[in-house]
Amino acid sequence: MFHTLRSKLLVFFLLIAILPMIVVGFISYTTQKQEMTNHAERSLSIQTSNMTDEISRFLKERVNDTEYLSKNPVMMDPSSSLLEIRDQMYYFLDIHDIYDDAYLLNTEGIVIGDIENEVIGEDISDRPWFAEAMKGQTFMSDIYYSSILNEPALVVAAPVYDINQDIIGVISPSFDLSNLYNMLEGYTNEQQDNGWGGYTFLLNELGEVISHPDLSKVLGVNYLDRQGFSKERLDLLVDQREIIEASDGEVHSFSKIESFPGFDQEWYVGVAVEESELYASLNDLLLRYLISFAVLIFLLTFAVYRLSDYIVRPVSQLVETTRTFADGERKDWKYVSAYEEVNHLNATFDRMTKQLEDRENAHKKSTMVLETTDNGVFALDRHTKQITLFNRMCEKVFQHDKKYVIGTTLDHLMKQSKPFMNFVNTSNLEMFLEKKEKGSQFEMECTFNGELKTYFLSISTLPKLEGEGIHDELLVVFYDLTEKREMERELLRSEKLKVVGEMSAGFAHEIRNPLTTIKGFIQLFNEQDREDNLKYYPIVIEEIDRINKIMNELLNIANPNPSNEKTNVDVEDILQDIVLLQESQMKKNHIELETFLHGNLPELHMNRDKMKQVLINLIQNGIEAMPDGGRMNIRTYLEGEEADKVVMISIEDTGAGMDRETVEKLGTPFYTTKETGTGLGLTVSYSVVEDMNGSINVSSEKGKGTTFTICLPVQADGEACEVE
Ligand code: ADP
Ligand code: MG
């Protein structure tokens with residue numbers, strides 16, 4: 001997932017932006033939180049201590065009031081009448097309206113003064129506050145449950161001294177505790193208005209709840225027990241102005257009302273606040289932080305997305321372009337214009353593809369040339385002898401498919417393809433491989449499937465292809481010259497024939513006439529001359545006949561025969577005539593003759609005598625090639641289609657055969673290997689058959705035999721027989 005550039009950019013930017021943001025956010029949040037917490041806690045404890053001050057002042061005032069009353073001269077005078085005392089009490093109540101009554105007790109604890117008359121004379125010496133006051137000091141009681149009033153009560157009492165500083169009694173103005181409770185309720189309300197909720201309550205030294213909005217809890221619950229606190233712990237918290245996390249999700253802040261003369265207690269003022277309310281602003285703060293954080297991340301993500309798009313889009317477009325190019329498609333792509341680096345890259349890519357295309361085209365062209373040329377081309381590694389190149393012409397000549405050849409070794413292919421083996425052996429290719437010769441060009445002859453072929457060979461070293469691991473390669477290019485050489489020979493022969501023909505015409509004419517004359521005279525002398533000369537005359541005549549025979553054949557070459565009459569000729573008919581004539585000679589020479597005649601050959605339009613001469617020449621040569629006997633097969637058959645039909649006559653012997661040199665010289669006038677031969681038979685035959693638009697082919701093997709094949713077109717104007 002994080003492999004794409006886009007996701008990497010996204011992650012990278014988010015990380016470098018968000019990490020500092022988290023750190024800064026965290027620091028500023030915690031400091032702010034700390035400050036706000038401190039602030040909230042401080043204001044809570046300030047409030048608590050303010051309340052404490054006020055309550056303390058209230059209590060002090062009550063003590064002062066009581067002391068003030070005890071110092072009233074009427075009270076201090078033991079002789080004061082009840083009325084006088086009451087007067088003073090009324091006066092006191094008028095000024096301090098929180099009091100509703102006052103009691104004056106004598107030293108025995110008997111009530112001697114009271115606003116109403118109800119308790120006068122009652123003995124209340126059993127009250128603890130009486131005993132305390134009698135000790136000589138003002139005393140304010142703890143809040144306790146009064147069984148008389150049936151509700152919590154607080155009593156202040158002070159000793160009354162006479163002018164001699166002797167205690168003459170105890171005075172205790174009675175005030176309604178609800179005044180104190182109202183005051184506390186006032187704080188509670190104030191707090192509610194503050195928005196924190198909560199309430200104010202009081203604890204006494206023992207941890208008992210002595211004031212609470214819920215009156216049922218007053219003097220019924222011990223706070224310390226309930227919270228599992230010791231008094232020391234509470235004192236420590238008060239000293240350090242710390243807040244207590246109480247049960248039921250409340251937070252309590254405490255402050256202490258210290259004892260003072262007349263108030264021998266230690267009270268604790270507690271303010272309870274809902275924790276969630278106290279820290280509500282903190283939650284607000286956190287929410288604000290989270291929202292701004294989310295907005296920031298969103299904006300950042302969007303910005304980075306746009307940025308990554310800007311960076312990535314041209315790159316992915318280039319990738320797409322490269323892909324289409326690699327798939328071989330070529331189109332004119334339009335790039336999005338982006339930043340300079342990518343524009344550069346695009347331009348370079350274009351240049352590169354152009355160059356690649358040019359190179360590919362050049363490569364295609366050279367491959368095409370290589371595949372269509374008539375030259376056989378192959379290449380091989382000098383070291384590994386592996387074939388690296390093998391063109392179509394090679395496939396044809398060596399009869400092996402390129403795909404099986406490329407990569408195989410020279411030795412392997414030699415085993416697979418006999419023509420290739422012949423080729424390699426004849427050309428001495430292995431010597432070139434080993435000798436590291438620069439190259440060479442030569443002509444060579446090589447037999448493929450019994451056919452002799454002439455090739456022109458060019459062997460050279462291929463230039464090194466850097467980086468491909470191929471060091472030295474040998475390039476072999478060859479060209480089939482067989483046909484060309486054959487044609488050249490043919491041309492030479494017909495040129496020669498032409499010259500000889502022209503020459504012999506004149507030559508024969510010049511010799512023949514005197515020969516006739518000589519012959520006539522010799523015949524004449526033969527009849528008249530002396531006997532002992534007689535035996536020479538037949539020899540002379542024989543010799544002259546021989547000259548005449550040569551002359552006749554020479555004349556045949558030159559074709560001076562005026563009666564070149566052409567008729568429709570059945571070749572098989574002529575053959576049968578000749579066979580009949582030659583049969584006895586063949587038998588004498590132990591030659592077996594067999595004829596395989598087609599039997600229904602079309603008639604050919606030609607000069608019958610000349611054709612007969614040709615056939616006699618060839619059959620005679622065959623007989624002469626088998627002096628110790630042998631076999632002769634004569635065949636006739638048809639080949640080709642329609643207008644290109646040809647009649648084929650083959651004369652096959654198992655005689656001496658010829659070497660290549662002799663075959664090449666065949667048809668050359670006067671070329672003979674026989675003692676009494678003229679060397680003109682084949683010259684004449686070639687000339688006659690060529691005249692008929694035909695051809696004579698020879699295949700011969702020294703020591704095994706020879707086959708002459710005459711090819712004659714059925715239609716005189718048909719396609720000429722080609723020399724193979
Ligand atoms: P000639 O028969 O008078 O020698 P040709 O022109 O008929 O002249 O033949 C030329 C030469 O060709 C022969 O001398 C012989 O060497 C060779 N030749 C021709 N036909 C055959 C054959 N059937 N077998 C072997 N050699 C042949
Ligand atoms: Mg002959």
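Position 1 is the first residue of the sequence, and the numbers go up from there. Not measured: the values here are computed from a predicted model. For the numbers below, each heavy atom of this structure counts, side chains included, while hydrogens, waters and symmetry mates do not. Indexing begins at 1, ligand by ligand and atom by atom, following the structure's order.
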Query raised in the report: Is any NZ, NE, NH1 or NH2 atom of the basic residue among Glu473 and Arg382 found under 4.0 Å from an Asp or Glu carboxylate oxygen of the other?
Result: no

Query raised in the report: Among protein heavy atoms, which lies nearest atom 21 (C) of ligand 1, and at what distance?
Result: Asn621 CB, 3.9 Å

Query raised in the report: With the threshold set at 4.0 Å, does a side-chain nitrogen-carboxylate oxygen contact exist between Lys354 and Glu357?
Result: no

Report task. In plain terms, say whether Lys587 and Glu583 are close enough for a salt bridge, that is, a side-chain N and a carboxylate O under 4.0 Å apart. Result -> no

Query - For Gly622, the ligand 1 atoms whose distance to one of its heavy atoms is below 4.0 Å - result: 23 (N)

**Report entry** side chain to side chain contact (heavy atoms under 4.5 Å, CB included) assessment of Leu413 paired with Thr409
**Finding:** CA-CA 6 Å; Leu413 187 60; Thr409 58; over 6 Å; no

**Report entry** Nearest neighbour in protein (non-hydrogen) for atom 10 (C) of ligand 1
**Finding:** Tyr671 O, 3.3 Å

Query raised in the report: Is the closest N or O pair between Thr662 and ligand 1 shorter than 3.5 Å?
Result: no

Query raised in the report: At a 4.0 Å cut-off, with the gap strictly under it, does some heavy atom of Gly679 reach an atom of ligand 1?
Result: yes

Query - Pair Arg485 + Glu443: basic N to acidic O under 4.0 Å - result: yes

Query raised in the report: Is the closest basic N to carboxylate O distance between Lys453 and Glu445 below 4.0 Å?
Result: no

Report task. Check whether more than 12 heavy atoms from other residues, nucleotides or ligands sit under 6.0 Å from atom NZ of Lys402, and answer yes or no. Result -> yes

Query - Which residue and heavy atom of the protein sit nearest atom 4 (O) of ligand 1, plus the separation - result: Thr672 OG1, 2.5 Å

Requested in this report: Check whether any N, O or S atom of Thr678, backbone or side chain, sits closer than 2.8 Å to the Mg ion (ligand 2).
Outcome: no

Requested in this report: State plainly whether the residues Glu592 and Arg631 are in salt-bridge range, i.e. N to O under 4.0 Å.
Outcome: yes

Query - Identity and separation of the nearest protein heavy atom to atom 12 (O) of ligand 1 - result: Leu666 CD2, 3.4 Å

Query raised in the report: Quick one: nearest non-hydrogen protein atom to atom 16 (O) of ligand 1, plus distance?
Result: Thr673 OG1, 2.3 Å

Query - Thr709 and Ser650 side chains, donor-acceptor separation under 3.5 Å - result: no

Report summary line: The answer for which part of Met658 has a heavy atom under 4.0 Å from ligand 1 is side chain

Query raised in the report: Does Gly677, backbone or side chain, put an N or O under 3.5 Å from an N or O of ligand 1?
Result: no

Requested in this report: Distance to 0.1 Å, residue and atom name: give those for the protein heavy atom nearest to atom 3 (O) of ligand 1.
Outcome: Thr678 N, 2.9 Å

Query raised in the report: Would you call Glu641-Lys645 a salt bridge at under 4.0 Å N-O?
Result: no

Query raised in the report: For ligand 1, is there an atom lying under 4.0 Å from some heavy atom of Ala656?
Result: no

Report task. Give a yes/no verdict on whether any heavy atom in Gln620 is under 4.0 Å from an atom of ligand 1. Result -> no

Query raised in the report: What protein heavy atom sits nearest atom 2 (O) of ligand 1, and how far off is it?
Result: Lys674 NZ, 2.8 Å

Query raised in the report: Does ligand 1 have a heavy atom under 4.0 Å from the side chain of Leu618, from its backbone, from both, or from neither?
Result: neither

Query - Ligand-side contact atoms (ligand 1) for residue partner Glu624, heavy atom cut-off under 4.0 Å - result: 2 (O)

Query raised in the report: Salt-bridged, Arg608 to Asp577, with N to O below 4.0 Å?
Result: yes

Query raised in the report: What protein heavy atom sits nearest atom 25 (C) of ligand 1, and how far off is it?
Result: Ala625 CB, 3.6 Å

Report task. Could you tell me whether Glu395 and Arg392 have a side-chain N and a carboxylate O separated by less than 4.0 Å? Result -> no

Query raised in the report: What do we get for Thr706 next to ligand 1 when only non-hydrogen atoms under 4.0 Å count, side chain, backbone, both or neither?
Result: side chain

